[in-house]
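All remarks here apply to the structure that follows.
Worth knowing before you read on, the calculation uses all heavy atoms, side chains too, and leaves out hydrogens, waters and symmetry mates. Numbering of residues begins at 1 and proceeds along the displayed sequence.
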Amino acid sequence: MSLAAEPTNSTNRMPALISVVVPMLNETGNLDAFFRRLTTVLDGLGLPFEVICINDGSSDDTLERLLERQRTEPRLTVIDLSRNFGKECALSAGLQESQGDVVVTIDSDLQHPPETIVEMLAKWRDGFEMVYAVRHQRVGQTFWHRQAAKLFYVIMRSLSDVSMPADAGDFRLLDRAVVDAINRLPERQRFMKGIFAWVGFRQTGVVYRQEARVAGASGWQLARLIRFAFDGLTAFSTFPLTIWMLFGAAISGLSFFYIVIRFIVVAINGVDVPGYESTIMIILFLGGIQLLGLGVLGSYLGRVFGEVKGRPLYIVRRVYSAGSPDGDTAAPAP
Ligand code: UDP
Ligand code: MG
């Protein structure tokens, strides 16, 4: 499986095998252009490679098109998942299957230019164990999408335990040691950006220009993006849980002073009947705070529930590879 790691600061090392992991959901329109550009780059490197495509429950003919290719290209492995599990799980499936001592994760919509791999590999040869690609420019995204992304990184950086480089996505080159570490993480809810940051290792970035999607539509809707951001926050920060303690302490303290003051006022001036508004306001305010706190608790509890069930991250319908006994082809690896 894993190949013996050479000293990480060696500048002469070359990977014995490069794995390229590509999650795919309804990418028929992009396939030809994607493979054309990717193979040009990989052939140019002159190193042995494998491409692992994960069909994440596509409803178009992505799978058929992939299998067509796979029949004549033994270096292509196709993992067909039993339904749509989401990009993060599809990526995990690909990382599990990968054999290379260098693994590249890349989108199939050509928003991640395959040409960047050359530069990333150079960084790996310099001794870095993870090279993430940083978007120079977010093309084809609305103003609000960009602002939301910016806000997300600001919140994440100030609240969570890990520091995530801004504008670095899932386009990465990983050393075998990093892949093994990620594969060992048991959590069900895979927030990959956070996981990549959490595992550590020597990391660096290279800049690329993000292109607009070539064909098809992005699988991300606004509601999904918000859920994604919230997942990231709750997976890597307990701040939302603890902030309610501060709120509670502050409100209890203030209430205590208020009670003492009222007590003295009543002792001196006698009972004064009006006070309906303030009572109602306090009840409403505290009720709101309590509900909020409960909601936050509930969302963490929901995560715990998900983890405790211990279901697998994804289910594979079938793996089509040159080597596998249930694969479609019996062609020997090159
Ligand atoms: N993708 C996937 N499963 C999903 C959503 C997306 O495998 O549920 C793949 C998709 O085919 C593409 C990559 O993940 O290769 C990025 O998806 P997309 O372009 O929709 O995301 P964006 O570029 O907007 O982040
Ligand atoms: Mg995309």
Q) Is a donor on one side and an acceptor on the other found under 3.5 Å between the side chain of Q203 and the backbone of M130? A) no

Q | Connected via hydrophobic side-chain network under 4.5 Å: L174 and F201 | A | yes

Q: Could you grab the distance from atom OG1 of T204 to atom CZ of F128, nearest 0.5 Å is fine?
A: 4.0 Å

Q. Would a 4.5 Å heavy-atom cut-off, applied to side chains only, mark M24 and N30 as touching?
A. no

Q) Any chance the rings of Y208 and F171 have centres within less than 6.0 Å? A) yes

Q) Of all heavy-atom pairs between Y314 and Q96, which one has the smallest distance, and what is that distance? A) OH-CG, 3.3 Å

Q) Does the side chain of R65 come within less than 4.5 Å of F35's, by heavy atoms? A) no

Q. Can you tell which of V21, V22, V20 makes a side chain to side chain contact (heavy atoms under 4.5 Å, CB included) with C53?
A. V22

Q: Identify the heavy atoms of D101 and P15 that sit nearest to each other, and give their distance.
A: OD1-CB, 3.4 Å

Q. Distance from D170 atom CG to I106 atom CD1, nearest 0.5 Å?
A. 11.5 Å

(Q) With rounding to the nearest 0.5 angstrom, report the CG to CZ distance, L63 to R317. (A) 8.0 Å

Q. Could you give the distance from CG (N183) to CG (L95), rounded to the nearest 0.5 Å?
A. 5.5 Å

Q | Interatomic spacing from CG in L42 to CD in E50 - rounded to 0.5 Å | A | 11.0 Å

Q: Could you grab the distance from atom CD1 of I315 to atom CG of L81, nearest 0.5 Å is fine?
A: 9.5 Å

Q: May I ask you to test the V265-I261 pair for a side-chain heavy-atom distance under 4.5 Å?
A: yes

Q | Heavy-atom side-chain contact between L25 and K87 under 4.5 Å | A | no

**Q.** Student check: side-chain heavy atoms of V199 and L185 closer than 4.5 Å
**A.** yes

Q: Say whether V154 and F191 are linked into one hydrophobic cluster, either directly or through other cluster members, by side-chain heavy-atom distances under 4.5 angstrom.
A: no

Q. Quick one: do I268 and V260 end up in the same hydrophobic cluster if we chain Ile, Leu, Val, Met, Phe, Trp and Tyr together by side-chain heavy atoms under 4.5 Å apart?
A. yes

Q: Could you tell me whether the side chain of V102 reaches within less than 4.5 Å of the side chain of L47, counting heavy atoms only?
A: no

(Q) As a test of understanding, state which of N26, T62, D80 forms a side-chain hydrogen bond (donor to acceptor under 3.5 Å, both in side chains) with N55. (A) D80

Q.
When you compare the side chain of V103 with that of R176, does any pair of heavy atoms fall below 4.5 Å?
A. yes

**Q.** 4.5 Å side-chain heavy-atom contact, K123 and V206
**A.** yes

Q) Think R37 forms a cation-pi with F34, using NZ or CZ under 6.0 Å from the six-ring centre and within 45 degrees of its axis? A) no

